[in-house]
There are 2 protein chains.
Amino acid sequence: MITSEFERVSLPLADAFTISRGSKETAENVVVRLTDEGGMTGHGAAAPSPHYGETADTVEAVLPDLLDVVESVGDPHALDRVERRTRDRVHDNPAAHAAVSVALHDLATKRLGVPLYRLWGLDPDECPPTSFTVGLDTVDRVREKTADAVDAGYPVLKLKLGTDRDAELLEAVRDAAPDVTLRVDANEAWSPREAVERSRLLAEHDVEFVEQPVPAENPEGMRFVYERSAVPVAVDEAVETLADVPRVADYCDVVNLKLMKCGGLREAHRMIHAARAHGLEVMLGCMIETNAAIAAACHLAPLLDYADLDGALLLADDGDPYDGLDLSDGVIRLPDDRSGTGAEPI
Amino acid sequence: MITSEFERVSLPLADAFTISRGSKETAENVVVRLTDEGGMTGHGAAAPSPHYGETADTVEAVLPDLLDVVESVGDPHALDRVERRTRDRVHDNPAAHAAVSVALHDLATKRLGVPLYRLWGLDPDECPPTSFTVGLDTVDRVREKTADAVDAGYPVLKLKLGTDRDAELLEAVRDAAPDVTLRVDANEAWSPREAVERSRLLAEHDVEFVEQPVPAENPEGMRFVYERSAVPVAVDEAVETLADVPRVADYCDVVNLKLMKCGGLREAHRMIHAARAHGLEVMLGCMIETNAAIAAACHLAPLLDYADLDGALLLADDGDPYDGLDLSDGVIRLPDDRSGTGAEPI
């Protein structure tokens with residue numbers, strides 16, 4: 001027996017968060033709670049992105065249908081049956097599906113008394129550190145935010161680019177953080193020729209790789225960049241679900257997966273394995289998310305080359321209704337003393 | 001804490017088993033037992049195949065190294081760590097690795113008190129039936145064996161072909177079993193042109209698909225057949241591990257995976273997901289195997305389109321030191337009342 005409820009939460013950010021497509025000061029998430037007959041509760045959350053057709057409103061609109069399936073299946077361990085039936089009932093809407101997936105995995109592993117990563121047999125010592133994202137801002141503010149991130153001990157930064165100030169921003173970041181591992185994300189802002197040109201600038205600033213330099217709708221442009229770029233190329237917007245992996249495999253080095261794009265923890269596993277079959281490196285990213293969602297993503301970290309799971313780190317102090325895993329210094333510490341995802345309501 | 005032991009077992013077959021490459025009357029398996037500090041034991045087994053470079057002797061030769069890793073890791077739930085370290089220690093030798101993988105999964109899920117399929121969240125109602133294999137023999141014996149299999153209620157038969165009697169054997173089988181679902185396996189016996197020609201005969205006898213019509217070493221030949229065959233084409237010998245999946249994806253309809261080719265349950269999962277990314281259908285096959293190995297493979301059945309898990313059904317009565325799952329009528333019945341794989345020593 002499972003009962004369910006959901007609740008919209010408005011998460012204030014520590015700083016306005018800006019990428020090449022826009023800016024925001026709060027993130028709207030929708031929390032899902034699933035409770036079994038013994039009163040044990042699994043928590044999950046949707047962090048919808050309009051770029052993938054979802055808002056908090058659409059999530060709230062489809063969750064009753066999804067949760068109806070969960071309740072009618074009634075077995076927290078029947079992860080496959082719930083996934084198959086919820087997908088049959090509601091197409092697309094990946095963040096809403098992800099909320100259900102996370103809550104169900106949290107509940108199932110709490111019932112078994114194991115942390116989520118142990119359900120999957122993963123090795124907690126194999127987690128790469130998470131990057132910390134520095135959004136678009138004035139050059140001075142980017143320098144300041146970078147210095148703060150370095151002070152906080154983050155060993156990997158991800159810089160958002162995609163304006164006519166790219167060169168200045170890179171310079172400011174390298175000035176404030178000469179030694180951090182640096183990745184950049186253009187969020188589709190460049191043309192293929194621009195991307196190749198900028199890649200030389202990125203290489204000069206010792207950038208590890210560049211994410212989604214050109215629009216996802218332009219695979220030939222991605223291939224053009226991939227063949228000429230001075231730094232490795234990751235795709236993000238171009239890879240949403242499993243069938244996308246073979247499609248992008250011959251024009252990128254890294255795939256950036258997200259629970260909120262692919263619809264849940266089972267699909268993320270499938271995508272990671274398909275990417276490995278193609279010899280791709282794997283990164284797991286996130287939206288701006290409550291710990292109720294981020295904590296689950298962290299349990300996948302042992303399977304990753306790169307983690308970008310700072311979604312809850314960008315929230316204002318006391319801005320998250322959930323306590324999560326300890327990610328200080330960017331180190332993903334999977335708990336061995338807490339079952340489930342390790343996220344708990346405050 | 002884990003202690004380990006292994007033992008070679010000689011399994012007498014009910015009938016001599018013949019394919020296009022050769023014949024045998026017993027199968028040599030090597031059973032692995034892993035026991036935790038509480039005295040709980042997980043069971044697995046290797047069913048080595050010389051075609052993939054293994055014999056019972058090679059399995060016995062490498063198991064001490066593999067089991068040394070298992071004991072030094074000492075945690076039955078650390079499936080990934082054991083897999084990574086055993087692969088680092090001993091390359092190839094997939095059946096030996098599979099024995100360790102199965103025993104460890106059996107032990108881990110016994111400790112959690114759940115059947116193996118529930119660790120993976122799979123739906124026991126989604127298992128396809130297993131096929132029952134009719135090996136090469138005289139036309140009269142093939143007709144008799146087919147009639148026996150029909151009497152036993154097997155709804156799917158797999159006929160071994162690859163001699164100059166293919167047409168007669170097909171006729172005899174369809175004569176004795178006009179209504180069963182029929183698959184055929186040529187085990188690399190045909191040339192590409194022969195395979196295309198035979199495919200018309202297969203279509204006339206309502207064959208569901210043909211497995212490995214031409215040698216695995218001839219991908220262009222496989223492509224030639226795939227583009228011209230009158231029935232769908234499966235690959236078996238051509239797909240061993242994860243990296244093979246994208247390679248074969250554009251010249252087959254079905255991939256036939258086996259624990260004893262890929263090295264274990266985690267790699268099988270990865271391969272299934274990679275195959276799905278390419279829109280391939282998935283079959284799981286086996287060698288001639290004790291229930292200690294077959295039972296674990298059965299727990300993957302909900303992820304399959306086609307199951308060919310009759311390895312223990314081909315053994316003589318009382319020929320298996322392990323009781324397994326109930327596969328009567330070819331129905332794979334995953335137990336909800338037994339934790340682990342469900343195989344138990346007699």
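Proteins get letters first, then strands, A, B, ... in listed order; numbering begins at 1 in each.
Heavy-atom pairs under 4.5 Å with chain B peak, among A:Val245, A:Asp125, A:Leu104, A:Val114, at A:Asp125. Residue with the most contacts toward chain A among B:Pro246, B:Gly279, B:Ala275: B:Pro246 (heavy-atom pairs, distance under 4.5 Å). When the candidates A:Asp80, A:Ile272, A:Asp123, A:Leu79 are compared by the number of heavy-atom contacts under 4.5 Å with chain B, A:Asp123 comes out ahead.
Between A:Arg118 and B:Asp75, at least one side-chain N (NZ, or NE/NH1/NH2) sits under 4.0 Å from a carboxylate O, which counts as a salt bridge. With respect to the salt-bridge test (charged N to carboxylate O, under 4.0 angstrom), the residues B:Glu126 and A:Arg84 qualify.
Using a 4.5 Å cut-off on side-chain heavy atoms (C-beta onward), B:Arg81 and A:Pro302 make no contact. When side chains are defined from C-beta on, A:His278 counts as touching B:His278, because their heavy atoms get closer than 4.5 Å.
For the atom pair NE2 of A:His273 and NE2 of B:His269, the computed distance is 7.5 Å after rounding to the nearest 0.5 Å. Here the CZ-CG distance, from B:Arg111 to A:Leu112, works out to 13.0 Å after rounding to the nearest 0.5 Å.
Contacts between B:Ala78 and chain A at a heavy-atom distance below 4.5 Å involve the backbone alone (N, CA, C, O). With a 4.5 Å cut-off on non-hydrogen atoms, B:Arg266 touches chain A through its side chain but not through its backbone.
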